[in-house]
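One structure is given here, and the rest of the page talks about it.
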Amino acid sequence: MTVAKTNGTVSTLRLSQANLTAIPTSIQKPRYDRSSVSPGIVHVGPGAFCRAHLAVYTDDVLAAGTMDWGIVGADPLSPAVRDALRPQDWLYTLLVRGPDGDRGRVVGSLTELLSVPDEGEATLRHMTDPRTRIVTLTVTEKGYCQDAATGELDEAHPAIQADLAATALPRSVPGLLTEAIDRRRKAQIAPFTVLVCDNLAQNGAKVHRIVARFAALRDAGLGRFVAEQIAFPCTMVDRITPATRDEDRQLLTASYGYADAWPVVTEPFRQWVIEDNFPAGRPRWEEVGALLVDDVHPFELMKLRCLNGAHSALAYIGVVAGFDTVAAAMADSDLSAFIHRLWAEDLVPTVPPVPGTDIDHYTAELEERFRNPAIRHLTLQIAMDGSQKLPPRLIEPALERVRAGGDARCVALVVAAWMRFLSGRNDAGNPYTVSDPLSDRLLRIGESCGNDAGTLVDALFAISDIFVPEIGAHAAFKTAVTENLRAIQADGMRRALANFLRR
Ligand code: CS2
């Protein structure tokens, strides 16, 4: 749909509240009056995942008629999403991409978006607004300033040090949450519930400890208040959502005739399991597809290990072997055979029974999701932040396996692939960027150890933020990682993998 301007040029109509009626009927639109929505949630980290997942469930809650759960997004890093969506009245298009095409939908649950670096005070105002009863977060694993291996607050983290020293507004996530909780307490406003929607094991409980510790470092009484009075339910979130590409924007305009500066592309599958512990109330997410339970832990272990663990395996092996996307990696018969073995031998045995779930059906469905050729999920995107992702996805299950007398040999190969990945060049010699909060340290280790597998494994295993001492000191696991790394370096990833599968 184009609009003629007075100067004679023609431009594409941009998504906005006023233009909604002109958007094609094949796109689903908010079926409720957005002007009567009031904010009830502040969401920190309004990236693609949040906009494909909890903002959509919440959009359905609003459509069902409960209007006091609008979402105020707060981006802790940059103004980019705010600036893209402001001219669109915070509307965006979700393209649900299945193997046989897209289903489009305009999501209306965001009532405002802020950029924390330049609107910190406004963010805190929203967080202390009595109408805000839940603060949800998707800030990635590294956003919580944790020691990934122990899950405790990394007190030496520069952002934590800066927030403890500063009189200015906090910049870290623990700092921001603590400041808002403190302001509410002082103003005698009932606390909000904190819902952590990132891929950490026991995410709510873990972040609760991190924030309580940060608060205690500020003030012992405040630390106790956070520990005793704030609810941090655990949750398992799932929907594969790659970063939006320019091609996605162009395709949207070409197919539907309007412009959206930041649409989100996602897969059809979605799952949300939430621990039902919301003292300040919550939307009725269970009426729109979420599962509210007493104990999320089995669901969380199943998802973190089987989905995210396999994803990380596909990412490190895939990047080194030259597969750009998960679907391309999964289409390789050796790689998919390896993923089956990783599930069967090392991961599935560590997952407790999951209510209402057949784990074989779960992994079969995962395989289908990974193979969805319409979703271009880059292996390099998943490979980011390995130091944070490896512990919950692969190191913890490996530790459980070796404790039980097993050998975790498939995990040992993935850990070796990660170490090979850290060199920043794939088997064809093409360079890529290793993006990780520990990248300086990892790079220094790589430079000083060169290609000597034994020295490299020793130096990397000594990083206790990734490898808890018990796994670091496990001789057989360490030997297996070293042998795999030597094989990958000598033969290349594909040959090493093929030989591994023959053994
Ligand atoms: C992925 C996840 O980037 C990654 O590390 O493993 O983002 C994954 O796509 C989601 O957790 C799926 O729900």
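For ligands, and for the atoms within them, numbers begin at 1 and follow the listed sequence. Any value given below was found using the heavy atoms of this structure, including those in side chains, with hydrogens, waters and symmetry copies removed. Remember, predicted model here, so these are calculated numbers, not experimental data.
- With respect to Val319, the side chain to side chain contact (heavy atoms under 4.5 Å, CB included) criterion is satisfied by exactly one of Leu314, Leu380, Leu378: Leu380.
- In this structure, a donor-acceptor pair under 3.5 Å is absent between the side chains of Thr111 and Trp90.
- At a heavy-atom distance under 4.0 Å, no atom of Gln388 approaches ligand 1.
- For Asn199, every heavy-atom contact with ligand 1 shorter than 4.0 Å involves the side chain, none the backbone.
- The closest side-chain donor-acceptor pair between His377 and Thr325, if any, does not fall under 3.5 angstrom.
- Ligand 1 is approached by Arg393 to a heavy-atom distance shorter than 4.0 Å.
- At a threshold of 4.5 Å between non-hydrogen side-chain atoms, the residues Val173 and Cys145 do not count as touching.
- Considering CZ of Phe461 and CG of Leu456, their distance stands at 10.5 Å, rounded to 0.5 Å.
- Considering backbone and side-chain N/O atoms, Gln381 never comes within less than 3.5 Å of an N/O atom of ligand 1.
- Counting protein heavy atoms only, atom 12 (C) of ligand 1 is closest to Asp238 OD1, 3.3 Å.
- Looking at ligand 1, you'll find an N or O of Arg239 within less than 3.5 Å of one of its N or O atoms.
- Proximity to Lys389 (heavy-atom distance under 4.0 Å) selects the following atoms of ligand 1: 3 (O), 4 (C), 5 (O).
- Under a 4.0 Å criterion applied to the non-hydrogen atoms of His377, ligand 1 contributes the atoms 9 (O).
- A distance below 6.0 Å separates the ring centres of His311 and Phe370.
- Under the side chain to side chain contact (heavy atoms under 4.5 Å, CB included) criterion, Asn426 pairs with Ala428, Asn430, Tyr432, not counting sequence neighbours.
- Within the 4.5 Å cutoff, the side chain of Phe192 has no heavy atoms near those of the Ile134 side chain.
- Among all non-hydrogen protein atoms, the one lying nearest atom 9 (O) of ligand 1 is His311 CE1, 3.3 Å.
- Closest to atom 2 (C) of ligand 1 among all protein heavy atoms lies Asn308 ND2, 3.5 Å.
- Within the listing of ligand 1, atoms 10 (C), 11 (O), 12 (C), 13 (O) sit less than 4.0 angstrom from a heavy atom of Lys303.
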